[in-house]
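Presented below is the structure to which this report refers.
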2 protein chains.
Amino acid sequence: MTTRRVNLNTESVDNYLKAIYSLGGTEEERVTSTALSERLGVAPASVTNMLQKLAASPTSFVEYEARRGVRLSAAGRRRALEILRHHRLLEAFLYKVLDYPIEEVHDEAERLEHFISERFEERIDAKLGRPKFDPHGHCIPALDGKMVKRASQPLTAIEIEGHFVVESVSDRDATLLKKLKAHGISPGVHLHVIRSTHDELVLRTGRGSKPLHLPRSVAEAVRIRFTH
Amino acid sequence: MTTRRVNLNTESVDNYLKAIYSLGGTEEERVTSTALSERLGVAPASVTNMLQKLAASPTSFVEYEARRGVRLSAAGRRRALEILRHHRLLEAFLYKVLDYPIEEVHDEAERLEHFISERFEERIDAKLGRPKFDPHGHCIPALDGKMVKRASQPLTAIEIEGHFVVESVSDRDATLLKKLKAHGISPGVHLHVIRSTHDELVLRTGRGSKPLHLPRSVAEAVRIRFTH
DNA sequence: TAATTTAATTAGGTACACCTAAAATGGAGT
DNA sequence: ACTCCATTTTAGGTGTACCTAATTAAATTA
Ligand SMILES: [Mn+2]
Ligand SMILES: [Mn+2]
Ligand SMILES: [Mn+2]
Ligand SMILES: [Mn+2]
């Protein structure tokens, strides 16, 4: 029986690797089938199937043990970061060059990330002046896959009064992004949190504006740093 | 037996419709399975299969009679022209905005044309100032699918001395395109054909240049108009 | 420890877009 | 009218990526 080697250059494989990467966290923990199933909107059985296929392939992108979850190999991480680079460069490009509204860049990038060539990647990178961050404030991985994850915390973690800078906003929910935009909350903006209750945060943005009441469901989409 | 309706929003269907469109010529003749098979690089049996599927679908993009060939319906033509618009806008965009070399735009556009959104299409169109022609000199279909086919003829049809303007160059063969570029032959360039033999054309481009010997295999990629 | 619940895997499908090999069709030439 | 043969279609498969239902394994709880 010849080991029939499967084709790993597919949109699907890309998406599995990206999902494992982002669910794995900083310490690269094992990711469960259920978590992947939910993230990818695919039945658990389909996940198992794909993980077995990936693990069995000669160029193995993952370490997988049945019932113990999956994590990326070095090659898998490289590939995941390459797609993430495509994604974030595309977002920056759509936002800055093609004047997309911020809440629309993610979905378009999610599709195109799998189909642009290395030349396209290089050209938009050049056009943008080798940007380090995408429009949501997320770090763009370098060509060699290097990426520093900056220290930051969810705005909802704040329980006391204080001054902060918006590090990033979540890119997934367009409705939420529109709300944040309407309130002037975007990466780099200074926030003065006045108080935090069980269901909302009260804060000021910039200077001289009246206090803003932000439901926790909205504040969840914002990550912040302390102003040094 | 319920009429299981198939999904027609696929890259494959796009490519079949485009191929039928371009092989159909101006008078929209029937296209044979063999012609499609060759154009698409797919077995004749696969073509038959797809044509049957397309014809059977409720939203019929084609008129197909077994053994008599296929042609586009109005809806099919609309769809083919939409993809062609994507393709040519993309080529113009890659060339003008992202500084691609002319011989590389086609392949990238061929992939991306299926995946860009209507918003993307609109934005690159705006960025380019609503261009009418792609970098090879081909007409870009309007949003409503209207497109005037200009009168032109292959450079190889010329048998006598005369003055012409390059209308367009073929986009498919990158090697040929590089040769034409090296000789300064691109849309809008004036040509003075000096003589034509069985295996080459001798001509001058612009003013003051020394005569150029163009093999017929290269000249085939050039279409020209008379200078009025 | 035994019973229950949850998570994950196996088993057996479907749809899509291809393929090769075999059969059918129909037009050309005799 | 008949044979030939290129073209086209049918028949039967493959690989990818899903699905549902049934089963098994591993945690939890009692
Ligand atoms: Mn995104
Ligand atoms: Mn994606
Ligand atoms: Mn082209
Ligand atoms: Mn195409």
Side-chain angles (χ1 to χ4, degrees), chain A residues 1-20 23-24 29-71 79 83 110-111 114-115, chain B residues 1-20 23 29-59 61-71 79 83 110-111 114-115:
Chain A
M1 192 189 92
T2 45
T3 306
R4 48 166 62 60
R5 61 190 177 297
V6 291
N7 178 17
L8 301 181
N9 293 108
T10 68
E11 197 181 342
S12 251
V13 169
D14 282 358
N15 286 334
Y16 275 88
L17 297 180
K18 263 179 63 180
I20 297 167
L23 292 171
E29 300 153 18
R30 278 182 213 280
V31 175
T32 65
S33 298
T34 318
L36 282 168
S37 162
E38 271 161 23
R39 165 65 70 105
L40 295 167
V42 141
S46 305
V47 172
T48 299
N49 217 281
M50 177 62 101
L51 294 183
Q52 289 173 343
K53 204 177 82 177
L54 287 177
S57 166
T59 50
S60 190
F61 283 143
V62 299
E63 289 161 30
Y64 167 64
E65 281 177 86
R67 289 167 217 277
R68 304 203 48 204
V70 69
R71 35 189 264 185
R79 177 69 168 279
I83 306 297
E110 192 71 33
R111 229 176 324 110
H114 312 288
F115 305 110
Chain B
M1 193 189 89
T2 45
T3 307
R4 48 166 66 61
R5 61 191 177 296
V6 292
N7 177 18
L8 299 180
N9 294 107
T10 68
E11 197 181 341
S12 252
V13 169
D14 282 358
N15 287 334
Y16 275 89
L17 297 179
K18 265 179 62 181
I20 297 167
L23 294 171
E29 300 153 19
R30 279 183 213 278
V31 176
T32 66
S33 298
T34 318
L36 282 168
S37 162
E38 273 161 22
R39 166 65 69 103
L40 294 167
V42 141
S46 306
V47 172
T48 300
N49 218 279
M50 177 61 101
L51 295 183
Q52 288 173 341
K53 204 177 81 175
L54 287 177
S57 165
T59 50
F61 283 144
V62 299
E63 289 160 32
Y64 168 65
E65 282 177 88
R67 299 192 157 88
R68 305 204 48 205
V70 68
R71 35 189 265 187
R79 176 69 167 278
I83 306 297
E110 191 72 32
R111 230 177 322 110
H114 312 289
F115 305 109

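Just so we're on the same page: letters track the sequence lines, and every chain starts at 1. Excluded from the calculations below are hydrogen atoms, water molecules and symmetry mates; all remaining heavy atoms, backbone and side chain alike, are included.
Atom-to-atom distance recorded for B/Glu63:CD and B/Arg30:CZ is 7.5 Å, nearest 0.5 angstrom.
Between A/Thr10 and D/dA17 there is a side-chain polar atom (N or O) within less than 4.0 angstrom of OP1 or OP2. In this structure, B/Tyr16 does not reach the C/dC16 phosphate: none of its side-chain N or O atoms is under 4.0 Å from OP1 or OP2. Phosphate proximity of C/dC18 to B/Ser46: absent, as no side-chain N or O sits under 4.0 Å from OP1 or OP2.
Taking both residues in full, the closest heavy atoms of A/Ala19 and A/Leu36 are given as CB-CD2, 3.6 Å, listed atom of the first, atom of the second, then distance. For A/Leu8 against A/Ser57, the heavy-atom pair with the smallest separation is CD1-OG, 3.2 Å. Scanning both residues, B/Leu40 and B/Asn15, for their nearest heavy atoms gives CD2-O, 3.7 Å. Closest approach of B/Ala55 and B/Tyr64 over heavy atoms only: CB-CB, 3.8 Å.
Counting any heavy atom pair closer than 4.0 Å across all strands shown, B/Ser33 reaches sugar-phosphate atoms only and no base atom. Among the heavy atoms of the strands lying under 4.0 Å from B/Gly41 are primed sugar atoms or P, OP1, OP2 only; no base atom is included.
One can place CD of B/Gln52 at 14 Å from P of C/dA17, the figure rounded to the nearest angstrom. For A/Leu36 and C/dA7, the CG to P distance is 14 Å, given to the nearest whole Å. Atom CG of B/Leu40 and atom P of C/dC18 are 8 Å apart (whole Å). One atom, CD of B/Glu38, and another, P of D/dA6, lie 14 Å apart when rounded to the nearest Å. Taking atom CD of A/Glu11 as the reference point, atom P of C/dC16 lies 17 Å away to the nearest angstrom. Rounded to an integer number of Å, the gap from B/Asn9 CG to C/dA17 P is 11 Å. D/dT7 atom P lies 20 Å from atom CG of B/Asn49, rounded to whole Å. Computed from coordinates, the A/Asn15 CG to D/dT16 P distance equals 17 Å when rounded to whole Å.
You'll find that the side chain of B/Ala45 is closest to D/dT9, out of C/dT9, D/dT16, D/dT9. In the set C/dT9, D/dA17, D/dT9, the nucleotide with an atom closest to the side chain of B/Pro44 is D/dT9. Proximity note for B/Asn7 (side chain, C-beta onward) versus D/dC18, C/dC18, C/dC16: the nearest is C/dC16. Closest approach to the A/Ser12 side chain among D/dT10, D/dC18, D/dT20 is made by D/dC18 (side chain taken as heavy atoms from C-beta onward). Side chain of A/Arg67, nearest nucleotide from C/dA11, D/dA25, C/dC16: D/dA25. Out of D/dA17, C/dA17, D/dC18, the shortest distance to the side chain of B/Lys53 is found at C/dA17.
Nearer the 5' end of DNA chain D, as judged by each residue's closest nucleotide, is the contact made by A/Met50, out of A/Ala66 and A/Met50.
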